[in-house]
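These notes are about the structure you will find just below.
Computed over heavy atoms, backbone and side chain alike; hydrogens, waters and symmetry mates excluded. Protein chains get the first letters and strands the later ones, always in sequence-line order, with residue 1 at the start of each.
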Amino acid sequence: MKIKEGFMLRNIAGNNVVVAVGKATLDFSGMITLNGSGAFLWSLLQNDTTIDEMALKMCGTYDDVNIETATNDITEFVTKLKGAGIVE
Amino acid sequence: MKQYKIAELNVLMNPKYNKLLKHCEAYLSDFEGKENIVATLTDKEIEDHNEKWPNLTLEECEYIWTGASFYEQLLDFQGMVLHASAVALDGNAYLFSAPCGGGKSTHTALWQKKFGKDQAIIINDDKPALRIIDNKFYVYGTPFSGKTDKNTNIKVPLKAICFVEHAPTNSIRKMSAVEALMQIFNQTIRPVESKKMESLISIVDKMLKDIPVYKLGCTISLEAVETSYNAMSK
């Protein structure tokens, strides 16, 4: 799975913000803000990946996260993005 | 095509109907050199908008979508529109924004009542243009001012932005960057093209760093003007 074309993550005055452009604006007219780990996961989702792969990378980057917690958090995150039609 | 100067840009328009023609009169100006913006609609485009929005007349359609075209192109010139009533006082521009019916024009009309119409000038009652010139934000009057026709062809430095909502008592506070960001994006025209979206993002980024953004809960009263003026003019 990966992020659909037409979504961009940008930093606006210290906030990680996702907006849609092009055809994606037909389905998504909102705006999403992400915290640091959300932005990290977003960067992984730019390329085709899996929850297991992301969980491993997350544990490699953040010291205080175990694989089980990471998997649960990422699953929740990805479910939300799928629900909003951002990830396919 | 007629030549206009709007927000210090050379603009070509070709008004067919009276509403657009009249609104633009104060902005007529022969310019030298090339145009920056061409904002025209074909008859077919006007009719298509009218078909989609049958409660609007053809001349309203021309006026609204010519404005939309202007504001979309404004993004190429370090500029954007904010859905707000903009008032100038003592050489500073104050922007009051809200969704339709949110009380922004009512509030700036109260500013005029309190300070006098010759002191508090409505720059644009609905859709002022904002531009970054020499690293500073300026507010411009434009012919596109919504239902009320109130606009003045002037340029005033932007002092503060305020999001307005009705409340039983008057209070004002500074908004966090993330709150302000959401509100600003909800009250501007979001471009579809990615290059223009990048422009909008860079303008809003600078805006949140340079300009204070407030949230005002207010009644319809002169006391509400004191609340907003005292905080925003500091």
Side-chain angles (χ1 to χ4, degrees), chain A residues 1-49 54 58 61-62 64-65 73-74 76-88, chain B residues 52 68-69 71-76 78-83 95 97 99-100 130 132 135-137 158 160-161 163 174-215:
Chain A
M1 65 191 158
K2 63 183 287 198
I3 288 156
K4 284 187 198 168
E5 210 186 304
F7 290 94
M8 52 163 87
L9 170 65
R10 293 291 179 274
N11 190 291
I12 310 181
N15 298 281
N16 299 303
V17 179
V18 174
V19 290
V21 289
K23 265 194 250 162
T25 56
L26 297 174
D27 302 319
F28 185 82
S29 61
M31 177 179 245
I32 296 173
T33 56
L34 300 174
N35 60 15
S37 50
F40 173 73
L41 292 175
W42 184 275
S43 70
L44 298 180
L45 280 161
Q46 297 283 359
N47 301 304
D48 206 6
T49 184
M54 285 193 284
M58 195 154 183
T61 307
Y62 295 90
D64 54 343
V65 184
D73 290 355
I74 293 167
E76 196 185 328
F77 182 70
V78 166
T79 307
K80 274 187 195 160
L81 291 182
K82 279 186 176 166
I86 294 171
V87 161
E88 62 183 357
Chain B
K52 214 172 154 196
S69 167
Y71 286 125
E72 203 189 339
Q73 296 176 71
L74 181 62
L75 287 164
D76 296 332
Q78 300 238 69
M80 65 175 282
V81 60
L82 190 71
H83 187 211
L95 262 51
S97 181
C100 294
L130 317 181
I132 302 169
N135 217 28
K136 279 176 65 185
F137 277 95
L158 173 59
I161 300 172
F163 288 90
K174 267 236 178 96
M175 287 176 111
S176 70
V178 65
E179 265 183 297
L181 168 68
M182 294 283 182
Q183 298 274 2
I184 291 168
F185 268 84
N186 280 337
Q187 298 304 330
T188 188
I189 300 171
R190 285 202 210 182
V192 170
E193 205 182 298
S194 65
K195 196 178 134 260
K196 288 189 162 57
M197 182 57 96
E198 297 282 11
S199 303
L200 178 62
I201 286 171
S202 84
I203 297 166
V204 174
D205 179 61
K206 182 172 172 56
M207 187 179 283
L208 293 174
K209 289 168 181 162
D210 294 0
I211 307 292
V213 183
Y214 296 88
K215 177 100 196 177

Nearest non-hydrogen partners of A:Gly30 and B:Arg190, listed with the distance
O-NH1, 2.7 Å
Whatever's closer than 4.5 Å to a heavy atom in chain B on A:Met31 counts as both
Region of B:Met207 that comes under 4.5 Å of a non-hydrogen atom in chain A:
neither
If I measure from the heavy atoms of chain B, does A:Ala24 come under 4.5 Å with its side chain, its backbone, both, or neither?
neither
At a heavy-atom distance under 4.5 Å, which candidate from B:Met182, B:Glu193, B:Lys196 has the highest pair count against chain A?
B:Met182
Heavy-atom distance under 4.5 Å between the side chains of A:Arg10 and B:Asp205, does that happen here?
no
Considering all heavy atoms, the nearest B:Lys209-A:Ala13 contact:
CE-CA, 4.1 Å
Drop me the distance from B:Glu179's CD to A:Asn15's CG, to the nearest 0.5 angstrom.
11.0 Å
